[in-house]
Amino acid sequence: MADNIFKVEIITPDRVFYTGQADFIELTTVNGEMGVYKNHIPLTAPIVPCKVSIYEGEEEKVAAVHSGFVEILKDKVTVLAEVAEWPGEIDINRAQAAKERAEERLKDHVNEIDVKRAEYALRKALTRIDVSDYKE
């Protein structure tokens, strides 16, 4: 095993979505985008709906992940997510419809709760649309 390789796991309530290794991973926490290499400072952070890119050499695996937490250790990154989807699992028509509904709710919002829920739904839909472009 190369010196710069670390273990990556993405786990949802339904399944162990991914177990493998990487030399770099990108995702988005509540504080913004972050990239992780081996020996990163230990950290636990909430994640937002985002594209997760897992790199091993020239190979890139991309998934949509919707909320949860990331735990970063020196030699392992674990993502605990509500939902994780590979590009081929995403229904693009459903994602487009969800995007349109969220945009409508943002235009016609009644209160602050509606705005937060609509922003969250919009972010999930946009993440799915972005990741669906990576279909093989």
Side-chain angles (χ1 to χ4, degrees):
M1 185 183 281
D3 246 6
N4 61 341
I5 299 293
F6 57 92
K7 186 173 181 176
V8 176
E9 286 187 330
I10 301 174
I11 301 167
T12 71
D14 299 340
R15 62 184 169 159
V16 176
F17 176 77
Y18 176 77
T19 300
Q21 51 189 30
D23 50 44
F24 183 65
I25 183 171
E26 289 179 299
L27 49 79
T28 306
T29 71
V30 294
N31 294 317
E33 294 180 19
M34 88 181 301
V36 180
Y37 290 100
K38 186 174 182 177
N39 295 320
H40 191 284
I41 186 168
L43 172 75
T44 300
I47 56 171
V48 297
C50 66
K51 174 179 81 172
V52 174
S53 297
I54 304 164
Y55 298 91
E56 186 179 3
E58 297 297 313
E59 185 180 354
E60 177 187 17
K61 293 177 181 72
V62 175
V65 174
H66 305 295
S67 298
F69 291 88
V70 60
E71 178 190 48
I72 301 167
L73 303 173
K74 289 190 176 295
D75 60 353
K76 183 177 181 184
V77 173
T78 303
V79 176
L80 302 173
E82 287 178 21
V83 175
E85 302 166 297
W86 295 115
E89 296 173 329
I90 294 170
D91 181 337
I92 189 65
N93 294 326
R94 190 169 157 230
Q96 288 284 3
K99 173 183 174 279
E100 291 164 15
R101 281 193 309 274
E103 288 171 339
E104 274 303 307
R105 286 197 306 261
L106 284 170
K107 271 196 327 198
D108 303 329
H109 70 86
V110 177
N111 59 46
E112 199 59 33
I113 293 170
D114 288 345
V115 171
K116 293 289 183 204
R117 288 180 59 201
E119 287 173 346
Y120 179 76
L122 181 59
R123 182 162 191 131
K124 283 177 35 178
L126 291 172
T127 296
R128 284 183 167 124
I129 291 165
D130 180 32
V131 168
S132 71
D133 290 340
Y134 288 85
K135 288 183 182 175
E136 282 98 24

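The shown structure was predicted, so the numbers you read here are calculated from the model rather than taken from an experiment. Numbers for residues simply follow the sequence, beginning at 1.
Taking the side chain as every heavy atom from C-beta outward, Met34 and Ile72 approach each other to under 4.5 Å. In this structure, the side chains of Val48 and Arg123 come closer than 4.5 Å at one or more pairs of heavy atoms. Residues Val70 and Leu27 are in side-chain contact: their nearest non-hydrogen atoms beyond the backbone lie under 4.5 Å apart. The side-chain heavy atoms of Thr12 and Arg15, taken from C-beta on, include a pair separated by under 4.5 Å. Counting heavy atoms from C-beta outward, Ile25 and His40 have side chains that stay 4.5 Å or more apart. Taking 4.5 Å as the limit, some side-chain heavy atom of Val115 sits within range of a side-chain heavy atom of Leu106. Between Tyr134 and Lys51, some side-chain heavy-atom pair lies under the 4.5 Å cut-off. In this structure the side chain of Glu26 never reaches within 4.5 angstrom of the side chain of Glu33, judged on heavy atoms.
For the atom pair OG1 (Thr127) and CG (Leu122), the distance works out to 9.0 Å, reported to the nearest 0.5 Å. Summarising the geometry, atom CD1 belonging to Ile129 is positioned 13.0 Å from atom NZ belonging to Lys124; distances are rounded to the nearest 0.5 Å. Here the straight-line distance linking atom CZ of Arg128 with atom CD of Gln96 works out to 12.5 Å at 0.5 Å rounding. To the nearest 0.5 Å, atom CG of residue Asp23 and atom CD1 of residue Ile5 are 4.5 Å apart. Taking CG from Leu80 and CD from Glu9, the interatomic distance works out to 9.0 Å, rounded to the nearest 0.5 Å.
In terms of heavy atoms, Ala81 sits closest to Pro13 at O-CD, 3.2 Å. In terms of heavy-atom proximity, Phe6 sits nearest to Lys76 at CB-N, 4.2 Å. Minimum heavy-atom separation, Ala95 to Ala125: O-CB, 3.5 Å. Listed here is the closest heavy atom pair of Ala45 and Thr29: CB-CG2, 3.9 Å. In terms of heavy atoms, Val62 sits closest to Ser53 at CG2-OG, 4.0 Å. Of all non-hydrogen atoms in Ser67 and Tyr120, the two that sit nearest each other are OG-OH, 2.8 Å.
Hydrophobic clustering places Val36 together with Ile47 (ILVMFWY residues linked when any side-chain heavy atoms are closer than 4.5 Å, directly or through intermediates). Tyr37 and Ile10 end up in different hydrophobic clusters when Ile, Leu, Val, Met, Phe, Trp and Tyr side chains are linked at under 4.5 Å. Connection of Phe69 to Val8 is not established within any shared hydrophobic cluster, with ILVMFWY side chains joined at heavy-atom distances below 4.5 Å, either directly or through further cluster members.
The aromatic rings of Trp86 and Tyr18 stand perpendicular to each other, their planes meeting at an angle above 60°, with 30° marking the opposite boundary.
In this structure, Glu85 does not pair ionically with Arg94, as no charged nitrogen and carboxylate oxygen lie closer than 4.0 Å. With salt bridges taken as basic N to acidic carboxylate O contacts below 4.0 Å, one links Glu104 and Lys107. One finds a salt bridge joining Lys99 and Glu103 here, because a Lys/Arg side-chain nitrogen approaches an Asp/Glu carboxylate oxygen to under 4.0 Å.
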(message) Apply side-chain contact (heavy atoms from CB on, under 4.5 Å) to residues Val52 and Lys61 and explain how you reach the verdict.
(response) CA-CA 8 Å; Val52 174; Lys61 293 177 181 72; over 6 Å; no

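Lys38 places a side-chain N or O within 3.5 Å of a backbone atom of Asp3 that can act as its donor or acceptor partner.
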